[in-house]
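Worksheet for the structure shown next.
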Amino acid sequence: MPDLAAPLIAWYPRIARDLPWRRPGFGAWGVLVSEFMLQQTPVTRVVPHLEAWLDRWPTPAALAADAPAEAVRQWANLGYPRRALWLHRAATEIRDRHDGVVPRDVEALLALTGIGDYTARAVAVFAYGDRHPVVDTNTRRVLARAVDGRSQPGPPNTRDLAAMTLLLPEDDTDAAIVNAAAMELGATVCTARSPRCQACPLADRCAWRAAGHPDTGDERRRQARYEGSDRQARGAVLKALRDAPDHGIRHDDVLTDWPDTLQRDRAIDSLIVDGLAEVSEGLLRLPS
DNA sequence: AATGCGTGGTT
DNA sequence: TAACCAAGCAT
């Protein structure tokens with residue numbers, strides 16, 4: 001396998017975007033919150049929300065002291081609002097099990113609600129500087145192309161972590177840079193649709209480029225249509241609840257103009273199942 | 001392990 | 001314009 005670490009380490013400091021969570025001393029809690037927000041939400045949408053969140057809740061204990069409803073409101077339109085609930089739950093777990101300090105061990109991080117393989121290692125590496133493989137969708141695409149010569153990554157699997165480990169230098173700091181650089185490369189140069197190989201530090205050793213950018217047929221599962229979907233209905237109901245008074249609103253007053261009443265009711269029920277809504281004294285509201 | 005889960009910008 | 005895409009996770 002070609003040496004990918006050296007060119008990434010040389011490239012990264014020149015082009016790395018100035019992002020809040022990359023500032024020295026940003027703090028583990030800030031990194032943790034940023035990673036929750038970045039799960040499937042683009043960087044540019046996250047930045048302002050992250051700063052507002054940390055201004056309001058500078059520590060896990062501060063967040064845990066407020067109701068989940070407040071987390072869901074503050075989450076606003078970031079999408080996938082279950083993440084707000086999970087982040088609140090994780091903050092509570094950090095307060096109760098870790099004395100309010102974001103854990104450093106990957107195993108302990110994995111045990112927190114809403115934290116999986118990616119986020120656990122991202123926190124351990126970017127907040128604490130430890131040496132672990134951090135593999136997100138960008139890194140998987142970079143490796144699929146540069147190493148395997150494929151146009152897109154397949155579905156995530158346990159071998160991804162082993163593949164990334166092979167690339168990491170021994171030094172902790174360098175390893176963290178390689179992790180960050182692979183993600184940055186995938187996000188800004190080796191993009192899914194129109195990669196800019198002229199700007200790529202790995203171009204001279206990329207298997208996919210050497211093979212002439214073949215379409216290797218690695219198609220993603222098609223994303224379901226959003227317009228008219230249950231997801232859209234859930235989003236609309238939740239927005240109504242965010243905008244409603246704390247004590248809630250009558251079931252029949254939720255989204256009165258929604259075209260499909262059955263779909264609206266289905267959305268309400270599923271939000272209750274997910275813990276994003278609750279019924280109290282006959283009124284529907286965000287979770288207390 | 002395949003599926004469901006928001007929202008908005010880009011092509 | 002419809003489809004694609006975006007620092008994943010839990011079930």
Side-chain angles (χ1 to χ4, degrees), chain A residues 16-17 19-22 26 30-50 72 75-90 109-127 132-143 151-158 160-161 164 176 179-195 218-242 266-267 269-271 273-277:
Chain A
R17 292 168 291 175
L19 300 171
W21 48 91
R22 291 177 177 169
F26 190 66
V31 171
L32 179 61
V33 174
S34 77
E35 295 299 348
F36 267 83
M37 291 184 170
L38 288 164
Q39 292 168 3
Q40 299 280 279
T41 300
V43 166
T44 53
R45 289 182 58 204
V46 163
V47 171
H49 285 279
L50 173 66
V72 174
W75 197 259
N77 63 341
L78 273 173
Y80 291 146
R82 293 191 286 197
R83 290 180 292 164
L85 217 49
W86 291 341
L87 179 51
H88 182 275
R89 206 167 294 161
L109 286 160
L110 280 171
L112 299 174
T113 302
I115 294 193
D117 279 330
Y118 165 73
T119 304
R121 290 172 176 80
V123 170
V125 171
F126 301 134
H132 303 283
V134 180
V135 180
D136 75 333
T137 185
N138 291 305
T139 295
R140 293 201 308 106
R141 185 173 54 251
V142 167
L143 295 185
S151 58
Q152 300 289 347
N157 65 69
T158 53
D160 294 335
L161 290 178
M164 189 61 189
N179 278 312
M183 292 170 63
E184 186 78 353
L185 186 64
T188 63
V189 175
C190 192
T191 56
R193 270 205 268 187
S194 341
D218 312 89
E219 291 186 20
R220 292 190 166 196
R221 195 165 57 85
R222 245 191 64 162
Q223 201 169 35
R225 180 184 181 80
Y226 183 64
E227 197 66 30
S229 68
D230 282 10
R231 286 158 87 157
Q232 185 184 39
R234 281 171 54 107
V237 169
L238 201 63
K239 173 166 171 43
L241 293 184
R242 275 193 252 112
R266 197 159 62 238
D269 288 344
S270 73
L271 287 169
V273 167
D274 287 354
L276 282 164

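Below, chains carry the letters A, B, ... as their sequence lines are ordered, and counting in each starts from 1.
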### Query
Does the Arg234(A) side chain pair with the main chain of Ala267(A), one donor and one acceptor, at a distance under 3.5 Å?
no
Find the distance between [atom1] ([X]) and [atom2] ([Y]) and round it off to the nearest 0.5 Å.
| X | Y | atom1 | atom2 | answer |
| --- | --- | --- | --- | --- |
| Tyr80(A) | Phe36(A) | OH | CZ | 15.5 Å |
| Ser34(A) | Met37(A) | OG | CE | 9.0 Å |
| Cys190(A) | Glu184(A) | SG | CD | 12.5 Å |
| Leu185(A) | Thr139(A) | CG | OG1 | 9.0 Å |
| Asp160(A) | Leu143(A) | CG | CG | 8.0 Å |
| Leu85(A) | Asp274(A) | CG | CG | 8.5 Å |

For the pair made of [atom1] in [X] and [atom2] in [N], what is the distance, rounded to whole Å?
| X | N | atom1 | atom2 | answer |
| --- | --- | --- | --- | --- |
| Asp136(A) | dA7(C) | CG | P | 7 Å |
| Glu35(A) | dC9(C) | CD | P | 9 Å |
| Asp230(A) | dT7(B) | CG | C1' | 16 Å |
| Asn138(A) | dG8(C) | CG | C1' | 12 Å |
| Leu38(A) | dA7(C) | CG | P | 9 Å |
| Leu87(A) | dG8(C) | CG | P | 16 Å |
| Glu227(A) | dA2(C) | CD | P | 9 Å |
| Leu276(A) | dC5(B) | CG | C1' | 10 Å |

### Query
Can you list the steps and then say if Tyr118(A) with Gln39(A) is a side chain to side chain donor-acceptor pair (under 3.5 Å)?
CA-CA 9 Å; Tyr118(A) 165 73; Gln39(A) 292 168 3; over 6 Å; no
Please state whether the phosphate of [N], meaning OP1 or OP2, lies under 4.0 angstrom from any side-chain nitrogen or oxygen of [X].
| X | N | value |
| --- | --- | --- |
| Gln40(A) | dG8(C) | yes |
| Arg231(A) | dT7(B) | no |
| Arg220(A) | dC5(C) | no |
| Arg221(A) | dA2(B) | no |

Please classify the nucleic acid contact of [X] as base, sugar-phosphate, or nothing, using heavy-atom distances under 4.0 Å.
| X | result |
| --- | --- |
| Arg140(A) | nothing |
| Leu19(A) | base |
| Trp75(A) | nothing |
| Arg242(A) | sugar-phosphate |
| Ile115(A) | sugar-phosphate |
| Pro156(A) | nothing |

### Summary
Of the listed dC9(C), dA6(C), dG6(B), the closest approach to the Thr41(A) side chain comes from dG6(B)
### Task
Check whether the side chains of Arg83(A) and Thr41(A) place a donor and an acceptor atom closer than 3.5 Å, and report yes or no.
yes
### Task
For the residue pair Gln152(A) and Arg220(A), establish whether any side-chain heavy-atom pair is separated by less than 4.5 Å.
no
### Message
Quick check: do Leu109(A) and Arg121(A) have side-chain heavy atoms less than 4.5 Å from each other?
### Response
no
### Query
On a plain distance test, is the side chain of Thr137(A) in donor-acceptor contact with the base of dG8(C) below 3.5 Å?
no
Protein-nucleic acid N or O pairs under 3.5 Å, nucleotides 8-11 of chain B:
from   : atom 1 : to       : atom 2 : distance (Å)
dG8(B) : OP1    : Asn77(A) : ND2    : 2.8

### Message
On DNA chain C, compare the nucleotides closest to Arg17(A) and Leu110(A); which residue's is nearer the 5' end?
### Response
Arg17(A)
### Task
Using the P atom on both, measure dT10(B) against dA7(C) and round to a whole Å.
14 Å
#### Entry: Neighbours of DNA chain C within residues 116-123 of chain A, by heavy-atom distance under 4.0 Å
Gly116(A), Asp117(A), Tyr118(A), Thr119(A)
